[in-house]
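First the structure, in the form of structure tokens, and then the observations on it.
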Protein chains: 2
Amino acid sequence: MSVIQISVNQKTFIKDPTSSDLGRRIVSQGIESMNTLGFEQFTFRKLGSEIGSTEASIYRYFESKHKMLLYFISWYWNWTDYRLSLALTNVESADDRLKRAIHLLTAETKEDGNFLHVNETKLQRIVIEESSKAYHQKFVDEINKEGVFSDYKRIVETIADIILEINPTYKYPHMLISTVIEGTHHERFFADHLPRLTDSLKGEDSIECFFQQLVHDTIQK
Amino acid sequence: MSVIQISVNQKTFIKDPTSSDLGRRIVSQGIESMNTLGFEQFTFRKLGSEIGSTEASIYRYFESKHKMLLYFISWYWNWTDYRLSLALTNVESADDRLKRAIHLLTAETKEDGNFLHVNETKLQRIVIEESSKAYHQKFVDEINKEGVFSDYKRIVETIADIILEINPTYKYPHMLISTVIEGTHHERFFADHLPRLTDSLKGEDSIECFFQQLVHDTIQK
DNA sequence: ACGATAATGATAGTAATACTATTATATTCG
DNA sequence: CGAATATAATAGTATTACTATCATTATCGT
């Protein structure tokens, strides 16, 4: 049941896709199609035909497929930020909070079914595989000004604060967390496609273990 | 003086661009243009007109602009591998070897002028900003089969071995090194465009310091 | 129930891109 | 010096990303 409201950055869409049935179909099938086709093969024409609509109709919701990707990414980080605050409520010890935060960032996402029109697992794959294409662009500074990355930054800030609580003298808390986030994505990708760049051990989520230990040892006094 | 020969993966080009004057101009101005325009705005037509040649001529050297990017990346990692082996010769202590290797990977590149037709600094910017576009593709497994990433893998392997020499029980040496390599690229990009995701301190190369300390603390017994 | 307003569908069109093909003209090499 | 090869010039194709136009359908206040 869709009880929680995800607030996606307004600049990523023209018309709010959650406001109509068509809009929700666009998002839902958009995630599906971008996931299977990959960002470059994905087109609004293909998406239109899959939902029995047209290119032109989709353009009324999203300015471009690039903006649509930013919408997905913004949705993902807002959702992650929400789950992070849930995971940290009522947890007293800073060590515990940090461990839970790293777990949330590094463990694989399972669908939680709270959002009927969003498949979170497929969305995560899109974020892992495509999000670098969203910001490695000449116009990154403009989209940043529009606040598209603010949830990402807030997450980094939140966890950086926990690190400073544990070790106030640690000099690079933001770098450490952004490295964990980006690193998780890379290592998941490498595990699937370039396994010689990784180390996977049976019976554990190596990626999570690797980062938990790394963070723990790096910030110790 | 171009004394060292960089051996780029053969599958990335149709005709070896080092074999002719036109070829070298294509590479040289290609790096220049891809660096300033960004991968998506860069086209063979534009490049052609800049070197007083044509689209069709460039296509005789490179199958596509995507393959050209792979050529640049392959060149970069082969060059890095060469510099790495230089940096490690005659260094006995494993701790020292590791420190030098991390330095090489994380410090900013200055042109070394060994290759007249390649501007290494601009090439590094391309690798940082565009290389994710080269492998985050549906056909990544095919280009991997063709050995395009073998130099990257060799570098990771070399340094993983040093880590195991220092601590044979450390479980994730490959992950650690690939995280350092990718992380350096991200953090350099963030420092320029999303500084709130980083921590930069005056009077030091924070990125190198961060990763040196991280590696040191993570692999300790 | 009715008309206005907005949302969608159908269709066409444009400029740019990523290539391919063809032919003419240089260049080089045996 | 002639043959092969490399390059230039030009044109053409399919696809893409997006815009424009107009007809149709659903929604909503009265």
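Protein chains get the first letters and strands the later ones, always in sequence-line order, with residue 1 at the start of each. Excluded from the calculations below are hydrogen atoms, water molecules and symmetry mates; all remaining heavy atoms, backbone and side chain alike, are included.
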Q) Just checking, any donor-acceptor pair under 3.5 angstrom between side chains of Glu157(B) and His174(B)? A) yes
(Q) With no hydrogens and no angle check, just 3.5 Å: does a side-chain donor-acceptor pair link Asp141(B) and His193(A)? (A) yes
Q) So do the side chains of Trp79(B) and Thr109(B) get within less than 4.5 Å of each other, counting heavy atoms only? A) yes
Q) Can you tell if the side chain of Lys46(B) reaches within under 4.5 Å of the side chain of Gln41(B), non-hydrogen atoms only? A) yes
**Q.** Boundaries of the DNA chain C segment in contact with chain B, non-hydrogen, under 4.0 Å
**A.** dA18(C) to dA21(C)
Is a side-chain donor or acceptor of [X] paired with a backbone partner of [Y] at a separation under 3.5 angstrom?
X: Asn78(B); Y: Ser7(B); value: yes
X: Asp81(B); Y: Asp151(B); value: no
X: Thr12(B); Y: Leu70(B); value: no

Q | Distance in Å, Arg154(B) CZ paired with Ser85(B) OG, rounded so as to fall on 0.5 Å steps | A | 9.5 Å
Q) When you match Ala56(B) and Asp21(B) each to their closest nucleotide on DNA chain D, which lands nearer the 5' end? A) Asp21(B)
Q) Toward the 5' end of DNA chain D, which comes first, Glu55(A) or Gly52(B), by nearest nucleotide? A) Gly52(B)
Q | DNA chain D: 5'-most and 3'-most nucleotides touching chain B, 4.0 angstrom heavy-atom criterion | A | dA6(D) to dG12(D)
Q. How would you label the contact of Tyr59(B) with the nucleic acid (heavy atoms, under 4.0 Å): base, sugar-phosphate, or nothing?
A. base
(Q) For a quick check of understanding: with a heavy-atom distance under 4.0 Å over all strands, which category does Tyr61(B) fall into, base, sugar-phosphate or nothing? (A) sugar-phosphate
